[in-house]
Amino acid sequence: SMALAWLLARGVRPPQPWSSDELSRLIGVDPEQFDRHTALGDATWCRAQWNRMQSAPKPEAGLEEWLGKARCSQ
């Protein structure tokens, strides 16, 4: 769900049905590079995706005016 939101924030709308492998590829993390379906392999793959999604949005995404202005509801 985070990869999908990251992509949507950048104006990329992947076709359904979504697969974790395809979403991973779209954010720039090749799932084939990890020992999938093992505890360590899947954890490393998830960490690589997390690290990738920590990058700042591209200016063309139109989000720069919102950066640093998130508010928490109470």
Side-chain angles (χ1 to χ4, degrees):
S1 60
M2 288 184 64
L4 178 59
W6 192 86
L7 290 164
L8 291 172
R10 284 152 180 78
V12 177
R13 183 176 291 274
Q16 291 182 349
W18 301 306
S19 78
S20 58
D21 286 353
E22 185 59 25
L23 292 173
S24 182
R25 283 186 196 93
L26 287 171
I27 67 169
V29 177
D30 182 4
E32 302 298 321
Q33 300 300 310
F34 301 89
D35 190 15
R36 299 288 307 282
H37 308 295
T38 66
L40 184 57
D42 284 347
T44 305
W45 176 49
C46 287
R47 185 170 126 201
Q49 291 178 75
W50 174 261
N51 289 340
R52 174 65 179 115
M53 290 184 286
Q54 297 311 300
S55 65
K58 294 179 182 176
E60 64 266 23
L63 298 176
E64 58 277 354
E65 66 185 79
W66 297 99
L67 290 175
K69 297 180 182 176
R71 296 184 183 161
C72 297
S73 59
Q74 300 201 15

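Note that the numbering runs from 1 along the sequence shown for the chain. Atom set for the values below is all heavy atoms of this structure, side chains included, hydrogens, waters and symmetry mates excluded.
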Chemist: Could you go step by step and tell me if Trp6 and Gln49 meet the side chain to side chain contact (heavy atoms under 4.5 Å, CB included) rule?
Modeler: CA-CA 11 Å; Trp6 192 86; Gln49 291 178 75; over 6 Å; no

Chemist: Out of curiosity, Trp45 CH2 to Asp30 CG, how far, rounded to the nearest 0.5 Å?
Modeler: 10.5 Å

Chemist: Return the set of residues passing side chain to side chain donor-acceptor pair (under 3.5 Å) with Glu22 (not counting sequence neighbours), or none when no residue passes.
Modeler: none

Chemist: Mind checking the OG-CZ spacing from Ser19 to Arg25? Nearest 0.5 Å is all I need.
Modeler: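 Nearest 0.5 Å value for the OG-CZ distance: 6.5 Å.
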
Chemist: Output the distance between atom CG (Leu26) and atom CZ (Arg10), rounded to the nearest 0.5 Å.
Modeler: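 Taking CG in Leu26 and CZ in Arg10, the distance rounds to 12.5 Å.
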
Chemist: How many angstroms lie between CZ in Arg52 and CE in Met2, if you round to the nearest 0.5 Å?
Modeler: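 Answer for the CZ-CE pair, Arg52 versus Met2, is 13.0 Å.
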
Chemist: With sequence neighbours excluded, what pairs up with Asp35 under the side chain to side chain donor-acceptor pair (under 3.5 Å) test?
Modeler: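 So Asp35 forms no side chain to side chain donor-acceptor pair (under 3.5 Å) with any residue.
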
Chemist: For Asp21, enumerate each residue passing the salt bridge (Lys or Arg N to Asp or Glu O under 4.0 Å) test, keeping only those at least two apart in sequence or located in another chain.
Modeler: Arg36

Chemist: Of all residues at least two apart in sequence or in a different chain, which pass the side-chain contact (heavy atoms from CB on, under 4.5 Å) check with Trp18?
Modeler: Leu4, Pro14, Gln16, Leu23

